[in-house]
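What follows is a set of notes on a single structure, which appears directly below.
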Amino acid sequence: MDVAIADLHSVTSAEEKRSLELGGHVGFNSLPCQLVSKLAARGFGFNILCVGETGIGKSTLVNTLFGRPFENEEAGHYEDRVRLRSQTHELQENAVRLRLTVVHTVGFGDQINNDYKPILDYLDAQFEKYLEEELKIRRSLADYDDTRIHACLYFIAPNGHSLKALDLVTMKKLENKVNIIPVVAKADVVSKSDLKNLKKNIMNELLSYGVQIYQFPTEDEDVAEINSSMNSCLPFAVVGSTEDVKVGNRMVKGRLYPWGAVQVENEDHCDLVKLREMLLRVNTEDLREQTHSRHYELYRRCKLEEMGFKDTGPDSQSFSLQETYEAKRKEFFRELQHKEESMRQMFVNKVKETEAELKEKEKELHERFEQLKRVHHDEKKHLEEKRRELEEEMNAFNRRKVAAETLMGQALQGCSQQPLKKDKDKKNKSLLWVSAGLLSLCRKLCVGLPIFIYLFFKEKTKKMYKRLVIV
Ligand SMILES: Nc1nc2c(ncn2[C@@H]2O[C@H](COP(=O)(O)OP(=O)(O)OP(=O)(O)O)[C@@H](O)[C@H]2O)c(=O)[nH]1
Ligand SMILES: [Mg+2]
């Protein structure tokens with residue numbers, strides 16, 4: 001039985017597909033209608049990113065495109081970095097619901113460096129969110145709130161001859177992440193001929209730097225003609241306004257000037273209608289598809305390759321997810337072991353180094369301690385000697401003091417036995433002895449004051465001695 005089925009399978013696969021005529025109405029021709037009604041019931045999501053300098057007219061243009069004012073918060077020039085501000089709106093046109101998300105750059109062009117980095121990060125973050133959902137075991141992509149950006153309106157300033165360096169760099173960075181549609185903002189501020197030259201220069205520059213912008217698809221013959229003519233109109237020169245101005249006896253959206261009115265929906269005045277046509281009427285689905293099949297696929301491929309997944313092995317054999325997972329797991333464990341070993345080795349080396357350092361430090365401390373001990377011992381010895389010397393001096397001084405006191409006593413005794421007429425001389429003699437004793441005492445006590453006392457008493461003594469000699 002198994003063999004028979006296998007044979008049948010090989011026969012049918014080998015055969016060419018045959019086209020068969022149906023006998024009557026079956027009903028599967030309603031498939032597109034089923035799809036349309038299903039999609040219409042689910043609603044559509046469309047996400048637009050507006051990249052442009054502060055005050056270039058981003059919010060006004062989006063308001064003009066959708067014919068209604070969305071919330072608008074003006075940005076200052078003092079942002080410390082570029083931010084992205086996102087707003088989501090539920091719109092309905094007849095029975096079709098559209099969940100429109102508009103993301104604006106805030107502070108773009110006000111920084112010196114890397115203005116595009118937050119934009120790239122934002123785009124990657126939306127891809128990453130989608131990839132995470134896709135890789136989940138229980139995923140619900142049908143209800144998933146897709147935040148991936150489908151179209152990027154890149155606003156180019158109307159003044160100047162061409163693109164700024166920042167515009168070129170940013171568009172080059174964004175080209176593989178989003179569908180770029182360049183627009184010349186505030187096109188009403190330049191003359192028609194200047195605008196023509198500006199558009200030409202911009203396209204030439206984009207071409208020479210190889211910047212890939214979104215090309216309206218020309219494969220589908222229904223839209224091939226209009227899309228190819230629109231491709232030649234790029235970048236669209238747009239004017240935004242939500243104000244109603246009176247032109248003749250009609251009220252139209254436009255900007256009023258002393259010399260006349262710029263009608264935003266007049267194709268002779270600007271390309272706003274063309275942009276709306278391309279963005280919202282003809283190529284919305286292609287923009288969504290390109291986002292998924294080109295930009296997201298590229299992100300997904302790079303991300304999975306980065307994670308080590310691949311479709312084919314080294315011998316060009318197809319590689320199953322299971323095999324990739326196993327190979328990756330083994331590689332991971334090998335790396336882990338290798339890392340563990342190297343870390344262990346590093347730890348051992350570090351311990352050894354620290355141990356050696358500590359030993360060295362201990363030795364130094366020991367030497368220092370010994371040195372201090374020696375110094376302390378020497379000082380102690382020195383102080384001991386000093387103390388002994390002082391004690392000896394004190395003893396000698398005491399002895400001399402006692403001798404002086406004895407002498408003084410004897411002198412006083414002798415003086416009391418002399419006749420009265422010699423009283424004055426005896427008094428002088430005893431004063432001499434006292435002075436001599438005091439002088440010797442002072443000399444031993446200190447250096448400064450005794451010198452003074454010594455000199456004083458020396459003079460006194462000399463005078464008395466002279467008088468004594470005379471007597
Ligand atoms: N001449 C002219 N002025 C415009 C045009 N579009 C907008 N403006 C004016 O430019 C100013 C800034 O417009 P916004 O739409 O707020 O600019 P923005 O880029 O959203 O500004 P931020 O969000 O603050 O970065 C307003 O005064 C608008 O009226 C235009 O097409 N032509
Ligand atoms: Mg704004």
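First listed ligand is number 1; within each ligand, the first listed atom is number 1. If you're wondering where the values come from, they're calculated on a predicted model, not measured in any experiment.
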Checklist entry - So is there a nitrogen or oxygen of Val239 less than 3.5 Å from a nitrogen or oxygen in ligand 1? => result no
Checklist entry - Among Lys274, Arg276, Arg250, Arg255, which residue meets the salt bridge (charged side-chain N to carboxylate O under 4.0 Å, His left out) test with Glu265? => result Arg276
Checklist outcome for this item: Here the salt bridge (Lys or Arg N to Asp or Glu O under 4.0 Å) pairs for residues 40-51, sequence neighbours left out, are none
Next on the checklist: According to side-chain contact (heavy atoms from CB on, under 4.5 Å), who are the partners of Leu120, at least two apart in sequence or on a separate chain?
Outcome noted: Tyr116, Lys173, Leu174, Lys177
Checklist outcome for this item: Closest to atom 19 (O) of ligand 1 (heavy atoms only, candidates Lys58, Arg85, Glu243) is Lys58
Next on the checklist: If the cut-off is 4.0 Å to any non-hydrogen atom of Val189, which atoms of ligand 1 fall inside it?
Outcome noted: 1 (N)
Next on the checklist: So, taking the atom named CE in Met171 and the one named CG in Leu206, what distance separates them when rounded to the nearest 0.5 Å?
Outcome noted: 5.0 Å
Next on the checklist: With a cut-off of 2.8 Å, does Thr60 put an N/O/S atom close enough to the Mg ion (ligand 2)?
Outcome noted: no
Checklist entry - Are the side chain of Thr105 and the backbone of Val51 linked by a donor-acceptor contact shorter than 3.5 Å? => result no
Checklist entry - Which option out of Ser241, Gly55, Gly240 puts a heavy atom nearest to atom 12 (C) of ligand 1? => result Gly55
Checklist entry - Which ligand 1 atoms, with their elements, are less than 4.0 angstrom from a heavy-atom of Tyr257? => result 1 (N)
Next on the checklist: Measuring from non-hydrogen atoms of His104 to any atom of ligand 1, is the shortest distance under 4.0 Å?
Outcome noted: no
Checklist entry - Strictly under 6.0 Å, is that where the ring centroids of His295 and Phe127 end up? => result no
Checklist entry - Are the side chain of His150 and the backbone N or O of Asn47 linked by a donor-acceptor pair below 3.5 Å? => result yes
Checklist entry - Which option, Asp188, Val62, Thr64, Thr105, owns the non-hydrogen atom nearest atom 1 (N) of ligand 1? => result Asp188
Next on the checklist: Counting only heavy atoms, tell me which of Thr60, Val264, Ile56 gets closest to atom 13 (O) of ligand 1.
Outcome noted: Thr60
